[in-house]
Amino acid sequence: MDWFPLYNSLRIALISTVFTFFLGIFAAWCVAKLPSGLKGLLDCVLTLPLVLPPTVVGFFLLKLLGPKGPVGQLITAWWDTKLTMTWQASILAVTIVTFPLMYRTVRGAFESFDKNLLYAGKTLGRSNAWVFWRVLMPGCRQGLMAGTVLAFARGLGEYGATSMVSGYTPGRTATISTTVYQLWREGNDALAYQWVGVNLLISFAVLLAINLLERREKTVKWPAGSPEV
Amino acid sequence: MDWFPLYNSLRIALISTVFTFFLGIFAAWCVAKLPSGLKGLLDCVLTLPLVLPPTVVGFFLLKLLGPKGPVGQLITAWWDTKLTMTWQASILAVTIVTFPLMYRTVRGAFESFDKNLLYAGKTLGRSNAWVFWRVLMPGCRQGLMAGTVLAFARGLGEYGATSMVSGYTPGRTATISTTVYQLWREGNDALAYQWVGVNLLISFAVLLAINLLERREKTVKWPAGSPEV
Amino acid sequence: MLEVDIRKDFGKFKLNVSFSADRGITGLLGASGCGKSMTLKCVAGIVTPDAGRIVLDGRVLFDSGKRVDLSPQERRVGYLFQNYALFPNMTVAQNIAAGVRGRDRARREAMVADMVKSFYLEDLERKYPRQLSGGQQQRVALARILASEPHALLLDEPFSALDSYLRWQVELELGELLSPFPGPVLFVTHSRDEVYRMCENVCVLDHGRSQPEQDVHTLFDSPATVSSCLLTGCKNLSRAVPGPDGRVACTDWGVSLDPGRDIPEGTTHVGVRSHYLRPVEAPGENTIPCTVERVIDDVFSTVVLLSTPGGGEGYSRLRLELPKEAWAALSSRDSLCLQIRPEDLLLLKD
Amino acid sequence: MLEVDIRKDFGKFKLNVSFSADRGITGLLGASGCGKSMTLKCVAGIVTPDAGRIVLDGRVLFDSGKRVDLSPQERRVGYLFQNYALFPNMTVAQNIAAGVRGRDRARREAMVADMVKSFYLEDLERKYPRQLSGGQQQRVALARILASEPHALLLDEPFSALDSYLRWQVELELGELLSPFPGPVLFVTHSRDEVYRMCENVCVLDHGRSQPEQDVHTLFDSPATVSSCLLTGCKNLSRAVPGPDGRVACTDWGVSLDPGRDIPEGTTHVGVRSHYLRPVEAPGENTIPCTVERVIDDVFSTVVLLSTPGGGEGYSRLRLELPKEAWAALSSRDSLCLQIRPEDLLLLKD
Amino acid sequence: GQPSGGDTTTPSPSAPVVSPSAAPTPDAEPVELIVFAAASMTETLNEIAKKYQEVAPNVTLVYNFDSSGTLKTQIQEGADCDLFISAAQKQMNQLDSSRDADGGNAEGLDFVLQGTRVNLVENKVVLVAPEGNPAGVAAFDDAATDKVKLIALGNSDVPVGQYSEEIFTNLGVWDQLNADRKITFGTNVKEVTSQVAAAAVDCGVIYATDAFSAIANGDRMEIVTEAPEGSHKQVVYPAAVLNVTKHEAEAKAFLEYLQSDACSAVFQSVGFSIPG
Ligand SMILES: Nc1ncnc2c1ncn2[C@@H]1O[C@H](COP(=O)(O)OP(=O)(O)OP(=O)(O)O)[C@@H](O)[C@H]1O
Ligand SMILES: Nc1ncnc2c1ncn2[C@@H]1O[C@H](COP(=O)(O)OP(=O)(O)OP(=O)(O)O)[C@@H](O)[C@H]1O
Ligand code: MOO
Ligand SMILES: [Mg+2]
Ligand SMILES: [Mg+2]
């Protein structure tokens with residue numbers, strides 16, 4: 001069994017999770033600070049990839065990044081390389097598709113975070129950056145982790161957009177999901193089942209991780225100061 | 001422009017949302033009542049379709065429902081009909097893929113619901129069913145609606161599993177997402193852009209709806225009894 | 001008659017409660033987190049104890065030995081929740097109707113009308129809970145509970161959600177509304193004043209363990225334990241060692257006092273209420289020479305903090321409360337001798 | 001010196017507050033939801049008012065006219081939050097260190113050590129907030145705030161999160177810890193007792209509007225409005241109509257009384273404290289003939305509810321509070337005549 | 001009614017069987033004929049559909065164009081289909097019960113209506129490059145050189161992919177291409193065409209007819225060369241009515257019509273040839 005699809009899926013999911021992580025946090029932070037009207041609009045735009053067909057996302061990306069697309073031409077002109085049909089293109093597709101999962105989870109964590117802690121930091125004279133990194137981030141740790149793991153899991157399984165922007169080149173751009181599709185197309189059920197099994201295992205492990213994170217988060221929220229009186 | 005894909009996508013999304021609605025609520029209710037260990041496990045199983053590649057879901061469904069699959073053979077034997085490669089098969093695929101969105105949103109609403117209201121109903125002598133339908137359901141209205149709309153939006157855009165179990169027969173099983181894919185493969189960009197536009201419009205409208213629902217929910221949570229003293 | 005004897009283990013927290021309550025109001029008094037709400041939940045059937053027995057008027061509600069565990073619906077125990085738990089999607093009338101048992105529509109309407117009248121809710125029938133003040137919400141909650149014709153009532157800190165201005169009024173109302181109730185009423189609070197004013201008997205909970213229930217006046221006049229003494233609002237406590245001469249050495253206060261009676265086995269602390277410390281001119285029997293540390297002018301009285309021969313920190317400090325005029329009339333206001341009558345000295349176990 | 005004069009419109013709720021506070025503790029008193037926390041937030045720079053001016057020791061913190069709006073960091077106003085807002089991910093020492101301004105490490109450590117010492121936190125340095133009791137949490141929060149060397153302090157209901165047993169002790173401590181603080185302190189509460197014991201001046205808020213600030217004793221001795229009268233704990237109120245003969249007709253009580261002074265323009269209510277109602281043998285000047293409705297045995301006093309000639313419901317009812325012995329000594333305990341000294345009759349505006 | 005529904009004619013209980021040469025019968029029962037056809041027939045069959053309107057107005061043609069392999073799977077999974085046109089014999093054999101395992105029907109499927117299978121058209125395989133041929137490929141062998149970094153081929157269940165594999169195997173570079181990870185596999189010939197037209201790849205292998213239609217449609221690509229003589233099996237498109245059809249007569253009639261001279265002209269116009 002050639003393990004490349006697993007390796008490729010993992011690296012795509014990992015790298016795009018890194019992007020999603022920072023982008024999601026940044027977006028959630030910006031949206032949280034916007035006035036309510038604009039907030040709703042931006043929120044819709046940022047959630048869009050969650051409900052858009054992956055094929056539509058893929059189509060967009062190809063029109064933008066393809067060698068004939070505006071961004072694609074720039075890239076070719078500057079670095080003499082192209083982005084489509086490479087495994088790197090999948091990173092972009094997966095980042096876009098998984099972004100809303102991270103964004104929404106983090107936004108939820110930010111919203112349920114006790115604002116008074118932020119204000120406390122500020123009235124104590126600490127900079128906004130300090131408050132963000134030392135108070136908000138540690139306080140939303142569980143939410144951040146849950147969002148990250150969810151995005152990672154979803155990224156591991158992305159199919160539609162990935163297959164459009166990266167194609168299926170065994171050993172180069174093949175991922176677990178495109179491989180399952182290919183194996184099914186070839187009627188190679190035995191191997192397809194094996195990959196499905198691998199996928200189930202990973203997804204299940206990832207979900208268990210989220211579950212434990214969520215549980216930990218809940219038990220932490222104990223009424224402060226009530227015991228040890 | 002042939003509007004069938006829109007019509008088909010809408011009917012599939014609508015019908016599967018009905019299923020998802022009841023299944024999601026039922027699952028969330030059952031999981032909420034389970035002891036904590038089993039709860040975590042079941043929760044993972046029920047969330048699985050969210051992170052599994054749609055192609056894996058499609059593969060499973062074909063193996064199960066296809067004319068050679070165990071369920072498919074039963075269906076053929078009893079009703080002399082088949083399930084795969086019909087638009088009805090998409091309902092199943094979409095239901096499975098969107099189920100976790102509904103289930104998780106409802107579970108969240110249930111968990112944040114004030115349990116004392118349920119206990120109050122019970123100590124007043126009301127049946128569990130009464131408490132469920134008259135207290136819990138109205139109390140989680142916003143969460144239920146948000147989950148439903150989210151599931152609907154996601155269902156409207158499902159591609160991977162749908163295309164595997166229903167194929168792409170214009171005028172029969174074509175959906176927006178499979179149509180976009182097909183148009184792209186045919187190089188029919190003009191029409192592809194039109195469908196992408198339609199899709200964007202619908203998705204955006206749906207997201208706006210969710211957004212308004214979420215906002216309403218927040219403003220309702222005003223500290224009880226503090227004004228009008 | 002409600003008999004409760006239950007145990008439940010939450011890991012760090014262990015509930016072990018046993019008491020019985022007759023017709024009338026029985027107080028459950030205890031610090032925050034000591035298990036008061038949990039006890040009520042066990043009685044109501046919302047939480048299942050690990051072991052024990054709950055009997056109401058001879059009906060067994062729960063018995064771990066006989067595997068009896070009635071559902072909350074069957075127990076017929078009314079529970080007034082800390083935040084009232086009115087159904088926010090129903091009007092006042094619908095909320096009360098939700099309490100009426102049985103499917104007979106006419107009977108339900110009659111009952112609702114009846115309750116609306118006896119709880120002075122005529123103008124509020126069509127309002128939603130969020131449009132009501134705290135006191136009105138409480139009346140609705142109580143009307144709803146009584147509409148369900150419970151055999152016992154559980155009230156969980158009924159005044160904690162109220163503004164201090166409303167409290168007094170609502171407390172009065174509640175007292176009047178409850179007086180015709182024929183069954184036992186459990187009243188949970190951590191306010192000694194509420195207990196004193198409303199209850200006949202009281203059961204003190206301490207870290208999940210119940211102490212024997214007792215008459216309210218017994219508790220206030222001669223609390224037996226440090227925790228119940230603190231609960232009744234006594235702020236002057238000292239560790240104590242019984243001496244061979246029938247006196248107790250109060251180690252925190254640095255004096256030895258005569259309790260005027262036999263010292264019970266296991267006495268570890270003594271206490272005296274701020275009101276029962278009497279300033280005297282000269283040292284004498286059972287007096288403590290004190291230095292005034294701080295004088296606080298309270299609304300109707302003067303509170304004086306004094307350091308004892310034992311020191312001026314923590315438990316060594318004494319708190320004296322006097323009518324304003326009595327304080328003003330004192331000759332020396334820098335150092336005082338405080339006398340404790342033997343019968344006012346509380347002898348406490350840990 | 002802190003001068004506040006701000007307006008903010010929240011739609012249904014409108015904040016319109018104006019007061020000034022000198023060195024020492026100034027109380028902000030008001031019912032729940034009247035805008036006390038909101039006022040503090042405006043001063044601290046967390047919420048931006050629509051219009052107005054905030055000046056601290058001559059430094060303009062906010063001025064809508066001149067478009068000045070300093071950030072919370074620049075204002076140097078210490079804010080003690082209702083729930084203390086300690087950073088849960090930091091130890092006590094780290095929390096205090098978070099308050100120290102500047103990057104000088106040695107100075108920070110010295111400051112933390114200093115604060116730990118003066119707030120008696122030696123044993124707690126390495127603990128996390130969740131491992132502390134409410135009183136300890138408050139000490140840490142205060143240490144943290146004072147480490148940031150604020151020019152003014154805002155305390156938002158500092159005792160509301162505490163058990164009643166702890167309150168007294170923490171209140172004492174807070175008073176001692178605050179006494180050396182050189183700037184103005186705003187103290188928010190809805191407890192009249194706390195205001196009386198801790199504050200010199202007080203500003204009453206009512207539905208978002210501030211009343212002129214005044215000396216605590218003035219407020220308690222002669223409140224000018226119905227709302228401040230209620231806030232100071234007075235429970236006997238009646239609507240009143242000034243008569244041509246210099247007397248007031250108390251419509252709720254059904255009697256006419258002599259205030260012994262000129263009746264101010266706009267007087268709509270009269271009030272009298274429970275302690276200042278004196279039972280007399282026979283009807284006479286300024287007496288109200290009453291019938292005893294209910295007797296409540298309180299911890300140190302007896303509370304008697306009486307119906308007046310005006311009736312026995314709501315505001316027509318009078319509440320009399322007597323020492324237990326005084327009540328026991330009364331000859332008739334079914335009906336009483338209550339005398340009000342003219343100077344004890346409060347004349348109130350709506 | 002479904003939006004794709006064609007002309008509506010009054011249904012008649014006694015609709016006569018339509019023969020290709022017969023005059024249009026205005027009151028014939030409306031029939032929807034589902035045709036699964038290789039993606040490379042997209043343009044020609046769409047044009048024929050217009051003509052067939054006049055021949056049999058009661059028949060609405062519904063096409064499903066995809067790789068022959070995908071179509072075969074869909075048929076096998078129970079898709080409604082009356083007429084199947086594959087781009088290679090392999091997929092038709094897999095559905096034809098008259099073939100045994102050695103004859104290509106390993107799964108024992110039975111979908112072909114016996115006696116209806118014909119060889120419809122013949123095609124050629126070509127190497128195409130994006131407009132201007134930036135990589136400068138000149139021959140199939142060039143795929144193995146450094147000129148080509150990425151080549152688009154149909155995957156193994158796409159006939160054009162199978163022909164490509166055959167060609168490169170015969171040229172002795174197939175294993176080389178695979179080892180170099182140079183091939184991106186498309187799901188049908190149209191996807192390969194799109195990838196070449198979008199210049200996402202350096203070159204690709206498709207049918208002459210697809211290249212012709214694409215260029216005619218304005219896609220920016222060029223034909224580099226035809227596959228060398230004898231490097232692959234003849235590209236023959238078999239067609240057959242399926243035995244699951246509910247409109248056997250109409251399906252047979254349409255298959256008959258496809259073999260008419262009118263259709264041959266259409267096929268030939270894009271580069272198909274008619275097998276002898
Ligand atoms: N599910 C649980 N698991 C573990 N411990 C619990 C659980 N629920 C409650 N506890 C513990 O039970 C104790 C008693 O809780 P309870 O709500 O009965 O307190 P209480 O006496 O009503 O306090 P309060 O006056 O604050 O309402 C708490 O200290 C809490 O730590
Ligand atoms: N964002 C907001 N929009 C509209 N109204 C608000 C908003 N925030 C607060 N309010 C209103 O402002 C009023 C004052 O709130 P605030 O928190 O200052 O009350 P408070 O006096 O501190 O009461 P408490 O004693 O309960 O703490 C409330 O009645 C609330 O209705
Ligand atoms: O069946 Mo095709 O025409 O090789 O994609
Ligand atoms: Mg409780
Ligand atoms: Mg407040």
Side-chain angles (χ1 to χ4, degrees), chain A residues 2 4-5 7-8 55 58-73 75-77 80-90 92-93 159-160 162-175 177-192, chain E residues 66-74 76-77 90-91 94 104-107 109 129-132 134-135 148-159 161-162 165 175 177-188 191-192 194-204 218-221:
Chain A
D2 172 17
F4 178 80
Y7 163 69
N8 193 37
T55 50
F59 181 78
F60 260 128
L61 278 179
L62 280 179
K63 290 296 147 200
L64 211 66
L65 304 177
K68 302 271 170 74
V71 178
Q73 284 186 331
I75 289 174
T76 313
D80 188 29
T81 180
K82 56 185 175 13
L83 214 59
T84 46
M85 298 298 140
T86 60
W87 69 270
Q88 287 93 342
S90 302
L92 226 93
Y159 168 69
T162 307
S163 77
M164 280 173 82
V165 298
S166 294
Y168 171 79
T169 306
R172 287 209 165 198
T173 63
T175 64
S177 56
T178 50
T179 302
V180 168
Y181 185 72
Q182 183 70 10
L183 291 172
W184 170 68
R185 296 294 324 111
E186 290 174 3
N188 192 342
D189 279 8
L191 208 50
Chain E
D66 210 324
S67 81
S68 308
T70 303
L71 296 175
K72 172 246 158 192
T73 311
Q74 290 177 354
Q76 172 187 352
E77 293 290 359
K90 181 184 170 191
Q91 286 77 18
Q94 285 173 327
N105 189 353
E107 294 159 285
L109 301 174
E131 192 177 44
V148 173
K149 292 199 189 67
L150 199 59
I151 179 171
L153 303 179
N155 70 31
S156 57
D157 79 324
V158 182
Q162 290 147 12
E165 178 175 348
D175 292 334
L177 288 177
N178 273 308
D180 290 347
R181 309 287 192 212
K182 274 188 185 178
I183 312 167
T184 180
F185 290 104
T187 55
N188 72 27
E191 186 173 332
V192 176
S194 292
Q195 283 169 349
V196 175
V201 292
D202 298 312
C203 57
D219 276 354
R220 292 185 292 184
M221 60 156 66

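The model shown is predicted, which means the values in this text are computed figures rather than measured ones. So you know, we letter chains A, B, ... as the sequences are listed, proteins then strands, and number each from 1.
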- Within residues 61-71 of chain A, which positions have a heavy-atom distance to chain E below 4.5 Å? Pro67(A), Lys68(A)

- With a 4.5 Å limit on heavy-atom distance, are the side chains of Thr187(E) and Tyr181(A) in contact? yes

- Task: Please determine, among Gly167(A), Pro170(A), Gly72(A), Ala174(A), the option with the most heavy-atom pairs under 4.5 Å with chain E.
- Result: Pro170(A)

- Query: Any donor-acceptor pair under 3.5 Å linking the side chain of Arg172(A) with the backbone of Arg181(E)?
  - Reply: yes

- Message: Given heavy-atom pairs under 4.5 angstrom as the criterion, report whether the side chain, backbone, both or neither of Ala106(E) touches chain A.
- Response: neither

- Task: Against chain A, label Glu107(E) side chain, backbone, both or neither, depending on which of its atoms sit under 4.5 Å from a heavy atom there.
- Result: neither

- Taking all non-hydrogen atoms of both residues, which atom of Gln182(A) and which atom of Ser156(E) are closest, and how far apart? NE2-N, 4.3 Å

- Report the option among Gln195(E), Arg220(E), Lys149(E) that has the most heavy-atom pairs separated by less than 4.5 Å from atoms of chain A. Arg220(E)

- Task: Specify which of Thr184(E), Asn155(E), Leu153(E), Thr73(E) makes the most heavy-atom pairs with chain A at under 4.5 Å.
- Result: Thr184(E)

- When Thr173(A), Leu83(A), Thr169(A), Thr86(A) are compared by non-hydrogen pairs under 4.5 Å with chain E, the top option: Thr169(A)

- Task: Would you mind checking which part of Ile183(E) comes under 4.5 Å of any heavy atom in chain A, side chain (CB onward), backbone (N, CA, C, O), both or neither?
- Result: backbone

